[in-house]
Amino acid sequence: MLTAIISIGLLAAALGLVLGYASIRFKVEGDPIVDQIDAVLPQTQCGQCGFPGCRPYAEAIARGEAEINRCPPGGEATINALADLLGKEPIPLDEERGTTPEEPLIAFINEDICIGCTLCIQACPVDAIIGAAKQMHTVIRDECTGCDLCPPACPVDCIDMIPIPKKLDDWVWDTPKEKLIVEPAS
Amino acid sequence: MTLHKLGHFHGGLHLDDHKAESTGQPIEPQPPGKELVLPLRQHIGHDAEAVVKPGDRVGKGQLIAQPFGDISAAIHAPTSGTVVAIEGRPFPHPSGLPVESIVIAADGEDRWAQGLPAPVADFRNLSAPELTQRIREAGIVGLGGAAFPTDAKLRIDKNSISTLVINGAECEPWITCDDMLMREQASGIVSGIAILQHILRPMETLIGIEDNKPEAIEAMRQALATARLDNTEVVVIPTLYPSGGEKQLIKILTGKEVPSGGLPLQIGVVCQNVGTTFAIFEAIVEGKPLIERVVTVTGDGVQQPHNLRLRIGTPISAAIAAAGGYVEGVAELLIGGPMMGVALPSDEVPLIKSANCILASTPANLRRHDAHPCIRCGECATVCPAQLLPQQLYWYARAKDHDKAEDHHLFDCIECGCCDYVCPSHIPLVQYYRHAKGEIRHLRKEKEKADRARIRHQLREERLAREKAERAARLAAKKAALEKKKAAKQDAGDTPDPKKDAIAAALERAKARKAALQQEKAGKTAQESNESP
């Protein structure tokens, strides 16, 4: 009886030491779940979720402080991916946060009207607008995330959100319009 | 002649070859039309860069767009004339989207440009890199249909090639341009092979031709016998679709299999189409850049199916007209063959370098049926030359389960159409795979863009934080400097200040003077009082 207690006790102590050591030796810096959530978010950095960027939103989700349905640019796909990742049920998008755009948009600066005030440059979360004070500004198309933060910043209203110009590289075959000629059995 | 032991690939189909329709007449050279449209994208890789501008006069064979980057191809003026525009024009592609194109109005003189590279009398005097550069400058791409820039396939380490495969299989029904070229230009093709051998130094060269082309086989054998190339032979292979696929032909001829997602180069093989080989001959020996190609204009939808030698940039409608025009009730126009070709929305698109066949069909020749549900018969897996499981891929593509589709090697599908052809339920399988491939590529791009945005946002945040810290530091430094000055002022009480000293000294002097004056005054009054008692 005593031997059993002692041997189990020793075993527990030894394993406890190993675990204790491992927790120090293999400590994970940062929160890996935040990275995983952040990887699923669309990175528009638009702030429509109410947080200043995608990462803060990811952190809030990880802490359980925010629902997974606050990202309009990501839409249903992002909600499903988050639900899948976190083992939750998918829920419909929070309409108060905005609606998912039909097709991705990017900002376009009408260069004839631009006065070179740099306000949009300051508003852009991904530095996708180039220009300098009293110089014309322009959008780097490939880097614009379509966050919609620059149009309100413009004092002369020269920024429009336009659909991404269609290019052959981005063209994808449609799925076949399969018309099944066998009526489902009623 | 040695007997060559043939390998074989999985699956494949015996199809009605429909070759006789277009092999009755010789290849017919065609004059350039009035307007030629040269899209800057006619090849795999980066678009070419235009080096002419609207209004420029160009000669036949003049460079009008140069390659941009390693994998890209030059484009030359197919005839003499004037550049009238560089603008988006319809393009032979199922999307119907326009592509930036150089439009040339022909002047009818068809006059060669000045200063073109001179023909090379003996290519053996040139090194491999020099020849490869000449091929690049001539804008040569794979003419079998893929349009991969040829020079990119030739820029390799010396002595790494065991087999050079020349693809004359031409396995797809209806297409006969390679067959006719081998019949008529066998000696030119063999010269092209000699140039490739000089560049690549392969141990052996195998020319694969399907056994349904006896004239071409004979012509090539005779040309080879005349040219006396070492370790080079024509290998007759059984007619089986798709034996002309690069990986399939390599398997038949060498028994080696190209690894999944890999290139033939990894197993020491380079494969070139006979049309490409002939273009190399023309570029090096005759000094002609790639400005025309042989195209099979055929199908039961044209009056006189035959092979035409057409300038690149000729409208497809002109090619059809040269073949006697459409028959009544033509229903479909394909670029490429019936198995792998894509339907064109219109015939007002230009001929591009990769176009080997223009196929017009009447409803009688179309296999268009409504799809039934999959009955899981497994026929598709039996015929798949890439040894895939088309049925599984179909389910995954339909359900948009992209990870699973990739796990089942979706990207090894060569879109040959065998599974489509045998499917008893007529499910358009290949289109599902094309859609899934496109979708996966698109999602990958989106992911890359999101990753870039994340990094840019992070960097911006860091920059803003740094700027804030720097501003704070600057303010703090300024404040500190002010404080220091103030402190210095207070300290001045204890230590002598030259200014103060000067003032003090001046005050002293003034005091002394005043005292002296007073003393003088006092002395005077004393004297006066003494003098007047």
Side-chain angles (χ1 to χ4, degrees), chain A residues 34-35 37-47 52-58 71 73-74 77-78 80-81 84 104 106 121-129 140-147 149 164-185, chain B residues 39-41 46-47 88 91 93-100 342 369-375 394 397-400 415 420 425-443 445-464 467:
Chain A
V34 172
D35 285 334
I37 297 171
D38 196 31
V40 170
L41 296 174
Q43 303 302 320
T44 45
Q45 317 292 353
C46 61
C54 295
R55 185 138 190 118
Y57 178 39
C71 180
T78 298
N80 287 340
D84 198 32
I106 53 169
I121 296 180
Q122 291 162 38
C124 179
V126 291
D127 281 339
I129 302 178
I140 310 172
R141 265 186 194 177
D142 287 344
E143 305 298 348
C144 176
T145 62
C147 67
L149 290 177
I164 296 175
K166 284 208 166 56
K167 280 193 294 186
L168 211 56
D169 290 330
D170 302 326
W171 182 82
V172 174
W173 281 84
D174 276 339
T175 40
K177 282 166 199 67
E178 210 176 303
K179 197 174 78 191
L180 291 180
I181 54 174
V182 176
E183 292 290 322
Chain B
L40 294 175
R41 165 174 311 194
H46 208 288
D47 289 9
F91 179 73
H93 189 267
S95 69
L97 287 172
V99 162
E100 200 74 354
V342 290
H369 305 272
D370 287 327
H372 291 249
C374 170
I375 57 167
Y394 163 61
R398 232 178 99 134
K400 297 194 184 296
E415 302 175 17
D420 261 24
S425 294
H426 308 298
I427 298 168
L429 293 162
V430 174
Q431 200 183 335
Y432 276 105
Y433 309 151
R434 283 176 172 160
H435 168 76
K437 282 180 184 178
E439 197 71 16
I440 290 171
R441 286 197 195 103
H442 180 70
L443 290 175
K445 257 192 196 166
E446 297 246 291
K447 176 105 185 61
E448 271 168 30
K449 192 176 169 179
D451 287 344
R452 257 195 346 259
R454 180 184 299 119
I455 293 167
R456 287 178 80 88
H457 183 62
Q458 251 170 32
L459 289 177
R460 178 186 154 87
E461 298 278 281
E462 277 167 26
R463 196 194 72 220
L464 290 181
E467 277 174 3

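Just so we're clear, the structure is a prediction, and the values are computed from it rather than from any experiment. Convention: sequence-line order gives letters A, B, ...; per-chain numbering from 1.
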* Does B:Lys449 pair with A:Asp142 as a salt bridge, N-O distance under 4.0 Å? -> no
* To do: Output yes when B:Arg456 and A:Asp127 qualify as a salt bridge under the 4.0 Å nitrogen-oxygen rule, no when they do not.
  =>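 The answer is no: the pair does not qualify as a salt bridge.
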Closest contact, heavy atoms only, [X] versus [Y]:
X: B:Leu97; Y: A:Lys166; result: CD2-CB, 4.2 Å
X: B:His457; Y: A:Pro125; result: ND1-O, 2.9 Å
X: B:Ala453; Y: A:Val126; result: O-CG1, 3.6 Å
X: B:Lys400; Y: A:Thr175; result: NZ-CG2, 4.3 Å

* To do: May I ask you to decide if A:Leu168's main-chain N or O and B:Arg41's side chain share a donor-acceptor pair within less than 3.5 Å?
  =>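 Answer holds: no.
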* B:Gln431 side chain to A:Asp174 main-chain N or O, any donor-acceptor pair under 3.5 Å? -> yes
So which residue, [options], ends up with the most heavy-atom pairs under 4.5 Å with chain A?
options: B:Ala397, B:Ser95, B:Pro98; value: B:Ser95
options: B:His93, B:His435, B:Glu446; value: B:His435
options: B:Arg463, B:Glu461, B:His426; value: B:Arg463
options: B:His442, B:Lys445, B:Lys437; value: B:Lys445

* Asked: Out of curiosity, B:Arg454 CZ to A:Asp35 CG, how far, rounded to the nearest 0.5 Å?
  -> 8.5 Å
* Check whether A:Pro42 gets within reach of chain B through its side chain, its backbone, both or neither, counting any heavy atom under 4.5 Å. => backbone
* Asked: Between A:Pro73 and chain B, which part of the residue has a heavy atom less than 4.5 Å away: side chain, backbone, both or neither?
  -> neither
* **chain A contact via B:Arg452 - side chain, backbone, both or neither, heavy atoms under 4.5 Å** => side chain
* **Region of B:Val342 that comes under 4.5 Å of a non-hydrogen atom in chain A** => side chain
* Among the listed options A:Ala39, A:Ala128, A:Pro104, the residue most often paired with chain B at heavy-atom distances under 4.5 Å ->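 Max contact count across the listed options: A:Ala39.
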